[in-house]
Amino acid sequence: MRITEVEAIPLLVPLPAGTKAPIAIPNADRLAGTVFKGYRACLVRVHTDEGAVGIGECMVRLTPEATGAIVRELGEVVVGLDPVHTGVAWELMFSVMMNRGHLKGFFMEALSGIDIALWDLKGKALDRPVYELLGGAQRDRIWSYASSLRFRGLETTVQEAKEFVEAGYNAMKLKIGSDKHRPDADIELATAVREAVGPEVFLSADANCGFERPAAMKVARALQELDYAWFEEPIPPDDHAGYAEMAKALDMPIAGGETEFTRFGFRQLFTAGALDIVQPNISRAGGFTECMRTAALAEAFHVPYAPHTGSTTSVCHAAEIHLSAALPNFLIYEDMQADWSKTEGNPLREGLLKVPVEVRNGSYLELPKGPGLGIELNEDVVERYRVHR
């Protein structure tokens, strides 16, 4: 079997004008119209001379067409390869731009999607689920948390937290960080949610880098008293010293890493003692090939791995479930429940696959069945939202 083509599929699902930022972002009042104007993705299909096709996803926050252009050109270097040779393909792709400083950003996101598709193909070629090719399932089900309780107001957020509990979740995450200098409202919200769900729920908080250090520490001490399981991305991602300072000062774990890309960047975080829990996204951080390396590096530093899914499609989620099954240092999986818009659902999560990959039993997910990722795209949804330019 040989690779004949790498196909990029940019997708965009428009959202109504005026969709408010449901998470902490700088200058939200001016940027929400761009950042949250649509659900975006760039899927990858790797075709072979025997008719087998692998599916992957590149994480996209803006301009899926730009990622698609990189996928098409980067894919040229793997045409002709046996798709089973995923490590060889990864090194060839990485070598294209490594010496030009492209270790992060759109280039690595494009590489990630191709790598995921190659692992899907490898599983199909060997008639095995991807998690078996990664060394086998370390667990027979995947513990997950409901993500996320977004900025909807105190009463609405508390009600949603109660609904997650009623649905069987024993873990969930709260979004905070609406004002980087004045966190009192966030502390009030975090307290109300803890009181609503009780002491037994595994409850974490995510500021999406929304605070400056003094406010972040004030929030962290309050969350620690409320027995929150971790504080995620409290401050800007480049402030490694600040992360290390917080990790050292607190008994509650500091989590992060969804903005990082390769083992080289994560090495700096781990050696600085900046993270107690690491959260790469497989469709950004180098696909299966690189995330397995990053997970091994994290294990050497005794750092648990809690994969990020965020506002990606069901393809990324399928890949993260396979990775979660195989990692010895896996902690918990992010089971996305809330979309950016309360009234406009995300068809890239709800209908992109013919059969949903996430089979839930309360807070636990079943392992996927079938070879590769075990998924099949709904072509009607793909074509409806495909960007043709």
*Asks:* Could you check whether Glu290 pairs with Arg263 (Lys NZ or Arg NE/NH1/NH2 to Asp/Glu carboxylate O, under 4.0 Å)?
*Replies:*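 Here Glu290 pairs with Arg263 in a salt bridge, since their nearest N and O are under 4.0 Å apart.
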*Asks:* Taking Gly210's backbone N and O only, do any of them form a donor-acceptor pair with Asn208's side chain (distance below 3.5 Å, no angle check)?
*Replies:*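 No.
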*Asks:* Is Asp206 salt-bridged to Lys175, cutoff N-O under 4.0 Å?
*Replies:*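 So Asp206 pairs with Lys175 through a salt bridge.
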*Asks:* Verify whether one side chain among Glu57 and Thr313 offers a donor that lies under 3.5 Å from an acceptor in the other.
*Replies:*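 Yes, a side-chain donor-acceptor pair sits under 3.5 Å.
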*Asks:* Name the orientation class of the two ring planes belonging to Tyr169 and Phe164 (parallel below 30°, tilted from 30 to 60°, perpendicular beyond 60°).
*Replies:*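 Ring orientation, 0 to 90° scale: perpendicular.
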*Asks:* Does any non-hydrogen side-chain atom of Asp82 lie less than 4.5 Å from one of Arg2?
*Replies:*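 Result yes, sub-4.5 Å side-chain heavy-atom pair found.
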*Asks:* Without hydrogens or angle criteria, can the side chains of Trp119 and Thr289 be said to hold a donor-acceptor pair below 3.5 Å?
*Replies:*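 Distance-only check passes for Trp119 and Thr289.
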*Asks:* Could Arg194 and Tyr228 be counted as a cation-pi pair, given that NZ or CZ must be under 6.0 Å from the ring centre and within 45° of the axis?
*Replies:*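 Satisfied, under 6.0 Å and within 45°.
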*Asks:* Decide, yes or no, whether a salt bridge links Arg45 with Glu379 under the criterion of side-chain N to carboxylate O below 4.0 Å.
*Replies:*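 A salt bridge is present here (some side-chain N lies under 4.0 Å from a carboxylate O).
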*Asks:* Is atom CZ of Arg128 surrounded by more than 12 heavy atoms (other residues, nucleotides or ligands) closer than 6.0 Å?
*Replies:*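 Not more than 12 within 6.0 Å, no.
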*Asks:* Taking the six-membered ring for Trp, are Tyr39 and Trp340 closer than 6.0 Å centroid to centroid?
*Replies:*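 Yes, close enough.
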*Asks:* Decide whether Ser147 and Glu334 meet the rule of one side-chain donor and one side-chain acceptor closer than 3.5 Å.
*Replies:*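 Indeed, the side chains of Ser147 and Glu334 share at least one donor-acceptor pair under 3.5 Å.
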*Asks:* Count the heavy atoms belonging to other residues, nucleotides or ligands that lie under 6.0 Å from CD of Glu200, then report whether that count exceeds 12.
*Replies:*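 Not more than 12 within 6.0 Å, no.
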*Asks:* Check Lys124 with Asp120, please: is the shortest side-chain N to carboxylate O separation under 4.0 Å?
*Replies:*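 Answer for the salt bridge query: yes.
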*Asks:* Please determine, by modelled atom types, if Glu358 and His317 share a side-chain donor-acceptor pair under 3.5 angstrom.
*Replies:*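 Result is yes, a qualifying pair exists.
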*Asks:* Just how far is it from atom OH of Tyr305 to atom CG of Asn329, taken to the nearest 0.5 Å?
*Replies:*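 Between atom OH of Tyr305 and atom CG of Asn329 there are 8.5 Å.
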*Asks:* Give a yes-or-no answer on whether the side chains of Ser341 and Asp339 include a donor-acceptor pair shorter than 3.5 Å.
*Replies:*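 No.
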*Asks:* Would you call Lys342-Glu160 a salt bridge at under 4.0 Å N-O?
*Replies:*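 So Lys342 pairs with Glu160 through a salt bridge.
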*Asks:* If we count only N and O atoms by modelled type, under 3.5 Å, do the side chains of Thr86 and Lys122 hold a donor and an acceptor together?
*Replies:*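 There is such a pair between these side chains.
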*Asks:* For residues 185-193, please give each side-chain donor-acceptor pair under 3.5 Å, one per line with the distance, not counting sequence neighbours.
*Replies:*
from   : atom 1 : to     : atom 2 : distance (Å)
Asp186 : OD1    : Gly177 : N      : 3.2
Asp186 : OD2    : Gly177 : N      : 3.3
Thr191 : OG1    : Ile187 : O      : 2.8

*Asks:* Can you tell me if Gln279 and His308 form a side-chain donor-acceptor pair at under 3.5 Å?
*Replies:*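 There is no such pair (donor and acceptor under 3.5 Å, judged by atom type) between the side chains of Gln279 and His308.
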*Asks:* Donor-acceptor pairs are to be reported for all side-chain atoms of residues 19-27 against protein atoms at under 3.5 Å, with residues two or more places apart or in another chain.
*Replies:*
from  : atom 1 : to    : atom 2 : distance (Å)
Thr19 : OG1    : Pro16 : O      : 2.8

*Asks:* Is it the case that atom CD in Glu91 sees more than 12 heavy atoms from other parts of the structure closer than 6.0 Å?
*Replies:*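 Atom CD in Glu91 is packed in, count exceeds 12.
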